[in-house]
Student: 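Take a look at the following structure, please.
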Amino acid sequence: MSIYDTLNAKQRQAVEQTEGPVLILAGAGSGKTRALTHRVAFLIDECGVNPWNILALTFTNKAAGEMRERVDQIVGFGAESIWVSTFHSMCVRILRRHAELLGYADHFVIYDSDDSKNLLKSICKAHNLEREHLKVRQIASRISRAKDSLVRASEFLTGGVADQDDVLVAKAYEEYEKALKENNAMDFDDLIFNTVELFRREPEVLKSYQERFRYIHVDEYQDTNTAQFELIRMLADRYRNLCVVGDDDQSIYRFRGANIRNILDFEKVYPDAAVIYLEQNYRSTEMILHAANAVISNNRSRKEKELWTEEGEGQRVRFHQFATAYEEGQFVAREVASSKRLKNENYCDMAVLYRTNAQSRIIEEQFVREGIPYTLVGGVNFYARKEIKDMIAYLRVVDNGDDDLSVRRILNVPGRGIGTTTVANVDRYAGDHGLRFFAALKEADQIPGCERSAQKLLSFVEMIRTFRTLAHELPLAELLRQIISTINYRDYLKKEGEKDESGDNDRERNVDELISKLVDYEERNEEPTLAGFLEEVALIADIDSVDENEDRVLLMTLHSAKGLEFHRVYITGMEEELFPSYMTLEAEASDPAAMEEERRLAYVGITRAKRILTLTAARERMINGNRRYNEVSRFVREIPRDCLEDIRGDSLGDGDGASYRSSSPDPFSNRSGNGRTIAEWKQSSYEEVPESRVSDVEPALTQELYRAISGTGRAREEIEHEPGSSIYGMKKRPRAEMGKPRNRAVPDKRPYARSKSKGLDGLTKGVPGTVPIDYTEGDRVRHVKYGDGTVTSMEPGPRDTKVTVLFDECGQKILYAQFAKLKKL
DNA sequence: AAAGCAAGCTTTTTT
DNA sequence: AGCTTGCTTT
């Protein structure tokens with residue numbers, strides 16, 4: 001009896017096929033991690049492979065951690081010397097060692113998507129590259145796709161016809177690449193790109209890693225992009241022991257460069273590859289698998305396969321359509337609560353999934369009402385929060401003075417009276433003298449135009465210097481505490497909080513949380529360094545910190561749910577335009593592959609469920625502040641009737657012609673009686689439906705439309721008066737403080753409630769000097785911006801004199817004499 | 001000159 | 001519904 005006896009025949013084959021290229025097509029829940037970990041054990045125990053020579057790559061830290069744990073359990077000896085790592089952390093490790101070969105210092109910083117977007121934005125602004133139709137976001141995405149495909153800035157325009165936009169992107173890409181290097185920074189894409197670059201340029205370095213990684217494993221292979229594929233290919237080129245595991249049906253990251261061809265064409269690249277199909281599912285019931293198989297069979301670009309199970313028939317997939325998203329959330333929350341109370345199910349065995357993060361809030365509200373503990377995965381990443389980014393920026397500047405982006409971020413946070421004009425002056429000076437931004441700050445007293453702000457800038461530089469000294473003397477957590485107290489950051493947050501009218505101290509708690517993360521980091525590492533911590537922080541993903549042992553319901557996007565499984569799963573928002581998304585529908589004609597990706601996402605969602613799967617939809621929903629009426633998702637309609645059960649939600653199921661069980665003989669046509677389809681109606685927003693035509697629409701929809709149009713109907717009232725309803729909208733991501741509705745209609749009437757504390761950072765503040773006033777009422781004056789005008793009145797105030805001027809061009813303005821600097825004519 | 005505030009603008013998914 | 005931009009206030 002060995003550990004391999006518990007594997008099925010296919011899994012065993014995957015384990016024992018140790019030599020040469022291997023493609024394991026592992027359907028959802030088919031025990032691929034099991035196969036992979038046993039394969040690693042087999043290599044060590046049965047084939048005598050040195051653990052040191054084994055590499056296993058995953059996409060998330062969580063997956064890497066899990067694999068490491070499981071390998072540790074079954075491998076008796078030497079498990080710790082196996083490299084189990086994410087693509088990105090492996091690349092960082094390699095790059096740190098050889099950065100100088102690429103012209104980087106070894107303490108390069110890693111920019112997250114937020115940082116790189118900011119950097120690109122400033123570049124586009126400086127070079128005037130923004131266009132109406134080509135936003136920074138799109139430029140960023142095109143640069144990122146280029147890097148994913150190993151296309152350099154200099155190569156961007158080669159091969160193929162280039163239009164105006166391409167030229168623009170190429171220019172932005174070029175400048176962006178340059179700026180990153182100057183800042184001694186790499187973005188996520190660079191980590192992979194530069195590692196490939198390193199291997200191409202330095203055959204000896206590549207060879208050393210090829211020798212080390214003789215047996216390579218790649219999990220979630222369908223999510224690899226071209227650059228990642230090339231990286232693996234190069235590493236495996238010497239020994240050709242490459243085992244990739246994936247499922248083309250679960251490829252859902254095309255939008256960020258994943259190349260499904262990597263898995264579909266694996267056999268073309270490696271004609272001698274052994275291909276193993278794992279189709280037995282150990283997770284779900286027949287009903288759920290049948291539904292999943294039916295949905296995914298509508299895709300054309302895929303490897304034909306069908307999951308099967310011995311887990312029994314199970315109950316049908318349930319479907320509910322509700323009148324509103326609010327009712328949908330309420331239903332889910334109530335059912336979750338009663339499953340816990342009456343059926344003794346655990347919260348941690350349940351999950352609520354949705355297409356977009358924006359949908360989480362309305363569910364959260366209902367969970368809070370029901371008192372259900374939940375964990376929200378994703379949304380605003382902890383490390384993406386303003387207060388955390390501020391603190392990280394301070395730490396980064398202490399670590400790397402070349403990181404201009406971070407210097408700029410913190411220069412006036414908390415406020416030190418350093419504004420845009422001053423920054424522009426420093427920029428010009430830095431450019432003229434070939435200095436980095438921070439280096440230019442050191443010479444502030446010589447910068448033209450900065451005479452008055454020079455002292456502030458020099459104090460800032462001095463402060464950073466002090467922090468750098470402290471960094472050598474203090475533990476990291478202590479350094480951060482010092483920074484926080486020196487800049488009075490907590491007071492700053494309190495002040496910010498007050499004007500945000502929320503009054504909670506989420507932000508301060510987040511800062512405390514960051515300190516504990518630093519403490520934790522220092523305890524875990526033998527040689528903790530600031531750079532090490534910053535690196536760890538940069539590569540963290542939301543899903544990484546989910547603790548499955550806590551008895552809480554998980555709320556997350558379908559994307560985040562990949563790789564997880566739950567006894568009970570709710571997929572909410574099963575509506576056209578939401579899922580599949582509006583974007584996908586728009587692009588359907590030009591990009592049919594996009595719809596296939598949405599369908600794969602549906603497949604991923606369905607196959608997360610072990611026993612009970614519930615799909616829900618709402619007839620009415622607020623999307624981006626607009627009330628929308630969407631049909632039931634095509635993915636619901638693709639599930640065969642014999643494994644789908646309509647549950648009485650609102651008015652569905654009693655044959656009143658609502659929703660997809662329409663009165664039309666063809667349930668998919670959705671044609672109303674008046675020549676115009678529901679789809680056409682719903683395309684226009686409800687305001688555009690003429691009231692006289694309202695009764696023309698399908699009856700079930702009529703009521704909804706009428707209520708919405710009249711604004712007096714029951715539906716609207718119900719929603720608005722319900723506490724925690726979406727109409728009020730909540731600030732930020734609530735977490736603990738949910739439930740209390742915040743009525744934005746009644747602003748806080750305390751105009752001077754803001755604290756007046758001065759000298760937040762202990763730095764000297766420049767006070768504008770007094771200006772002699774040589775004009776009076778009736779005089780003609782000139783203003784730098786507004787031009788010439790006549791002074792109509794002057795009113796002395798406690799601090800300054802208010803001057804009212806009637807400008808010839810710009811009309812009447814009320815100005816303060818001190819700042820207006822009016823010149824008498 | 002910089003901070004505060006109101007009005008526009010855009011919307012997927014994220015290592 | 002939240003963020004950026006432009007205008008007003010100090």
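Labels below follow one simple rule: chain letters A, B, ... track the order of the sequence lines, proteins then strands, and each chain is numbered from 1. Worth knowing before you read on, the calculation uses all heavy atoms, side chains too, and leaves out hydrogens, waters and symmetry mates.
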Student: Taking side-chain hydrogen bond (donor to acceptor under 3.5 Å, both in side chains) as the test, write out the residues that go with A:Arg599, two or more places apart.
Tutor: A:Asn299, A:Glu638
Student: Which residues pass the side-chain hydrogen bond (donor to acceptor under 3.5 Å, both in side chains) test with A:His88, sequence neighbours left out?
Tutor: none
Student: Strictly below 4.0 Å, heavy-atom distances to any atom of DNA chain B: list the hits from residues 88-95 of chain A, or just say none.
Tutor: A:His88
Student: How does DNA chain B look in dot-bracket form if you count Watson-Crick and G-U pairs under 3.5 Å, write [ ] for pairs that cross, and put | where a base pairs with another strand?
Tutor: ||||||||||.....
Student: Atom CE of A:Met583 to atom P of B:dT13: distance rounded to whole Å?
Tutor: 10 Å
Student: Would you kindly give the CE-to-C1' distance between A:Met622 and B:dT11, to the nearest whole Å?
Tutor: 14 Å
Student: List for me each residue that meets side-chain hydrogen bond (donor to acceptor under 3.5 Å, both in side chains) alongside A:Glu596, sequence neighbours excluded, and say none if there are none.
Tutor: none
Student: A:Leu539 CG to B:dT14 C1': how many Å, rounded?
Tutor: 13 Å
Student: If you compare every side-chain N and O of A:Thr422 against the phosphate oxygens of B:dA2 (OP1, OP2), does one of them come in below 4.0 Å?
Tutor: yes
Student: Within the pair A:Thr356 and B:dT11, is there a side-chain N or O less than 4.0 Å away from OP1 or OP2?
Tutor: no
Student: Measure from the side chain of A:Arg137, starting at C-beta and using heavy atoms only, and say which of B:dT12, B:dT15, C:dA1 lies closest.
Tutor: B:dT12
Student: Has A:Lys386 got more than 12 heavy atoms of other residues, nucleotides or ligands less than 6.0 Å from its NZ?
Tutor: yes
Student: In this structure, how many angstroms lie between the P atom of B:dT11 and the CZ atom of A:Arg628, rounded?
Tutor: 16 Å
Student: Under the rule for side chain to side chain contact (heavy atoms under 4.5 Å, CB included), what residues qualify as partners of A:Leu57, not counting sequence neighbours?
Tutor: A:Leu55, A:Phe87, A:Met90
Student: Are there any protein N/O atoms within less than 3.5 Å of an N/O atom in nucleotides 6-10 of chain B, and if so, which ones and at what distance?
Tutor:
none

Student: Any base atoms under 4.0 Å from A:Ser560, or only sugar-phosphate, or nothing? Heavy atoms, all strands.
Tutor: sugar-phosphate
Student: Tell me every residue that passes side chain to side chain contact (heavy atoms under 4.5 Å, CB included) with A:Ala424, counting only those two or more places apart in sequence or in another chain.
Tutor: none
Student: Any side-chain N or O of A:Asn412 below 4.0 angstrom from OP1/OP2 of B:dA2?
Tutor: no
Student: Tell me every residue that passes salt bridge (charged side-chain N to carboxylate O under 4.0 Å, His left out) with A:Asp544, counting only those two or more places apart in sequence or in another chain.
Tutor: none
Student: A:Asp219 CG to B:dT15 P: how many Å, rounded?
Tutor: 16 Å
Student: Rounded to whole Å, how long is the line connecting atom CD1 of A:Ile110 with atom P of B:dT14?
Tutor: 20 Å
Student: Can a cation-pi geometry be assigned to A:Arg145 and A:Phe255, taking NZ or CZ under 6.0 Å from the six-membered ring centre and within 45° of the ring axis?
Tutor: no
Student: Determine whether the aromatic ring of A:Phe255 stacks with the base of B:dT13, defined as ring centroids separated by less than 5.5 Å and ring planes inclined by less than 30°.
Tutor: yes
Student: Among residues at least two apart in sequence or on other chains, which ones pass side-chain hydrogen bond (donor to acceptor under 3.5 Å, both in side chains) with A:Thr572?
Tutor: none
Student: So what does A:Ser453 hit on the nucleic acid, given a heavy-atom distance under 4.0 Å: a base, only sugar-phosphate, or nothing?
Tutor: nothing
Student: Tell me whether the OP1 or OP2 atom of B:dA2 has a side-chain N or O from A:Thr421 closer than 4.0 Å.
Tutor: yes
Student: Provide, to the nearest angstrom, the distance between the CG atom belonging to A:Leu585 and the C1' atom belonging to B:dT13.
Tutor: 15 Å
Student: I need the CE-P distance between A:Met556 and B:dT13, as an integer number of Å.
Tutor: 15 Å
Student: Identify, with sequence neighbours excluded, every residue that meets ring pair (Phe, Tyr, Trp, His ring centres under 6.0 Å) alongside A:Phe193.
Tutor: none
Student: Return no unless some side-chain N or O of A:Asn357 is found under 4.0 Å from OP1 or OP2 of B:dT11.
Tutor: no
Student: When we call it a touch if two heavy atoms are under 4.0 Å apart, what does A:Lys121 touch: a base, just sugar-phosphate, or nothing?
Tutor: sugar-phosphate
Student: Where the side chain of A:Ser581 is concerned, which of B:dT12, B:dT15, B:dT13 is the nearest nucleotide?
Tutor: B:dT12
Student: For A:Lys121, which residues count as a salt bridge (charged side-chain N to carboxylate O under 4.0 Å, His left out) partner, sequence neighbours excluded?
Tutor: none
